[in-house]
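Chain naming here is simple, since letters A, B, ... match the order of the sequence lines and numbering starts at 1 in each. Atom set for the values below is all heavy atoms of this structure, side chains included, hydrogens, waters and symmetry mates excluded.
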Amino acid sequence: MGIGDLMVESSVGVLRSCGDLKPDRVIVGNMFSGVGSKQEHLGAYLASSLGLINVPAYKVEAACGSGGAALHNAYLAVKSGESDAVLVTGVEKMTDLNVSEATSALAMADNQEYSASVGATFLSLNALTHRLYCSKYHVTREELASFPVLCHTNAVSSPHAMFRRSISVDDVIKSPIVSDPIRLLDSAPICDGAASVMVVSKRNLKRAPAGAVKIEASEVAVNVFGLAERPDPLDYIATRAATKRALAGSGRELRDIDTMEVHDAFSITSALALEAMGVSKKGGAPKDAQNGRFSRSGELPINTFGGLKARGHPVGASGVYEAAEAFMQLTGSAGQCQVKGAKTSLIHNMGGVDTTTAVHILSEVS
Amino acid sequence: MNDASYNRLKAKYVGLLGSKCKKCGAEFFPQARVCRKCGSFELQDIPMPPTGKVTSYTILNVPALEFKDDAPLVIGYIELSNGVRLIAQLADISPSEVREGMPVRMEVRPLSQKSGAGDPMVGYKFVKSEK
Ligand SMILES: [Zn+2]
């Protein structure tokens with residue numbers, strides 16, 4: 001499937017489930033269709049393909065956080081009263097590029113001229129933080145490998161996941177070294193994908209036969225653009241700020257969250273994100289994962305359908321996948337991935353290394 | 001990197017050109033137009049000190065296309081002697097000898113071995129230093 005096929009197919013799925021409700025705005029989340037498919041102008045492309053002429057339609061880009069940023073824009077459009085039904089589709093077509101081309105495309109998330117042009121890749125930036133983290137907190141590679149192991153375990157029962165097989169800590173440690181200390185199985189895969197949701201106003205709630213969830217809060221924050229320039233590269237300040245504002249905005253505390261989708265592009269990003277949110281103490285998230293705290297049967301299940309690592313990470317689509325997955329959890333339609341009694345979910349989506357971070361809190365509608 | 005962007009960047013790479021805030025003295029690399037510390041718009045260009053230490057590193061086995069002949073690349077996260085940090089390739093330092101805390105100094109080197117038609121693109125890399 002090409003990029004058009006992907007976003008149209010996913011959108012048709014959500015439109016079909018919304019009965020006669022038609023979007024009055026279309027927002028596409030995408031990172032690099034210009035490089036990946038030599039195609040831009042995705043808003044008009046998608047709206048037109050769906051027969052929606054004359055509606056406002058455009059793409060929102062924030063690297064791997066494009067999906068979360070698109071959802072945020074839909075939220076704003078509805079909240080302001082300008083829109084009553086916004087179709088949000090995240091899409092990425094990565095596999096028409098070879099690995100080194102995809103590597104170059106992903107490197108656009110940091111300051112090209114001072115990272116990619118001098119030889120660093122997006123993966124190597126995360127590798128630098130992985131090593132710093134392990135030295136600073138005496139965390140082992142094995143402990144960090146608990147995150148991909150957890151994601152693969154959850155993906156086994158996840159129908160839309162890319163890797164529906166479990167792996168061991170040993171598999172992670174012994175997988176090929178991509179950018180030491182990051183192994184292949186520490187990394188989310190290069191893949192294609194699209195996901196869609198419809199953001200509707202209160203008065204359209206009844207017109208969504210497939211059920212609905214409430215967006216309690218939608219927040220986006222940015223960090224210092226170049227990873228190298230940050231006072232503390234291990235401090236995900238955008239994640240911290242967006243989470244804090246989202247919790248305050250929804251009048252909730254972390255302990256109210258029943259499931260979480262965390263942006264696990266790499267094992268290290270899961271750990272640093274959970275610590276920035278305040279879920280784990282600094283240096284403590286890998287141990288918590290190892291002890292089962294984040295497993296589907298644990299105290300705070302994360303990445304309940306496999307996360308970026310095992311569900312797949314079509315970069316600009318991932319934030320919308322998270323929203324769709326939280327929707328399934330909160331409407332009791334998660335099948336074998338269902339977390340019993342899930343009423344409130346937090347989804348976390350980052351562009352770059354916590355460079356742009358979107359946090360949404362969603363809850364069931366009673 | 002194409003020729004046009006290289007021509008624009010070369011002097012900044014070779015001179016390790018950054019900025020210093022005229023108001024609060026904060027230093028930045030790469031150049032900044034606005035001070036992230038105090039918000040001032042008044043900054044001046046200054047070269048960064050050419051010495052520092054490796055605070056973290058990675059051995060990159062799967063580089064982007066322009067660097068494929070250089071794999072594995074040793075990439076360092078370097079803290080310069082003025083406290084400013086940057087990411088750069090480490091040169092003449094093997095994957096087995098690179099260490100956190102290793103003192104390094106800047107040298108101007110070809111950025112990659114990939115041979116083009118003209119002169120190679122040069123920029124900053126860091127080599128071992130006595131301190
Ligand atoms: Zn200043």
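In B:K22, the NZ atom is crowded: over 12 heavy atoms of neighbouring residues, nucleotides or ligands sit closer than 6.0 Å. Counted within 6.0 Å of CG on B:D3, heavy atoms from surrounding residues, nucleotides or ligands total 12 or fewer; the atom is thus considered open.
Between chain B and the options A:A107, A:S135, A:P181, the largest number of non-hydrogen pairs under 4.5 Å is found for A:S135. Heavy-atom pairs under 4.5 Å with chain A were tallied for B:R36, B:E66, B:Q89; the largest tally goes to B:R36. Ranked by heavy-atom pairs under 4.5 Å with chain A, the first of B:L9, B:I75, B:L86, B:L111 is B:L9.
Residue A:L125 touches chain B through its side chain alone, counting heavy-atom pairs closer than 4.5 Å. Using a 4.5 Å cut-off between heavy atoms, A:N111 touches chain B through its side chain atoms alone. With a threshold of 4.5 angstrom between heavy atoms, A:A116 approaches chain B through N, CA, C or O but not through any side-chain atom. Contacts between B:Y57 and chain A at a heavy-atom distance below 4.5 Å involve backbone atoms as well as side-chain atoms. A:P231 touches chain B through its backbone: at least one of N, CA, C or O sits under 4.5 Å from a heavy atom, while the side chain does not. Looking at A:S117, both its backbone and its side chain come within 4.5 Å of chain B, counting heavy atoms on both sides. Only the side chain of B:Y13 comes within contact range of chain A, with heavy atoms under 4.5 Å apart. For A:S179, the parts lying under 4.5 angstrom from a heavy atom of chain B are both the backbone and the side chain. The part of B:E100 that comes within reach of chain A is its side chain, from C-beta onward, which places non-hydrogen atoms under 4.5 angstrom from that chain. Of the atoms belonging to B:I87, heavy atoms from both backbone and side chain fall under 4.5 Å from chain A.
For the pair A:V178 and B:N61, the minimum side-chain heavy-atom distance is 4.5 Å or more. For the pair B:R8 and A:E113, the minimum side-chain heavy-atom distance is below 4.5 Å. Between B:S56 and A:H130 the shortest side-chain heavy-atom distance does not fall below 4.5 Å.
In terms of heavy atoms, B:A64 sits closest to A:S104 at CB-OG, 3.3 Å.
Taken from OH in B:Y77 to CG in A:L227, the straight-line distance is 5.0 Å, to the nearest 0.5 Å. Atoms CG and OG1, from B:L60 and A:T103 in turn, are 8.5 Å apart once rounded to the nearest 0.5 Å.
Between A:Y114 and B:Y124, the ring-plane angle classifies as parallel under the 30° and 60° cut-offs.
Judged by distance alone, with hydrogens and angles left aside, the side-chain atoms of B:T58 form no donor-acceptor pair with the main-chain N or O of A:L128 at under 3.5 Å.
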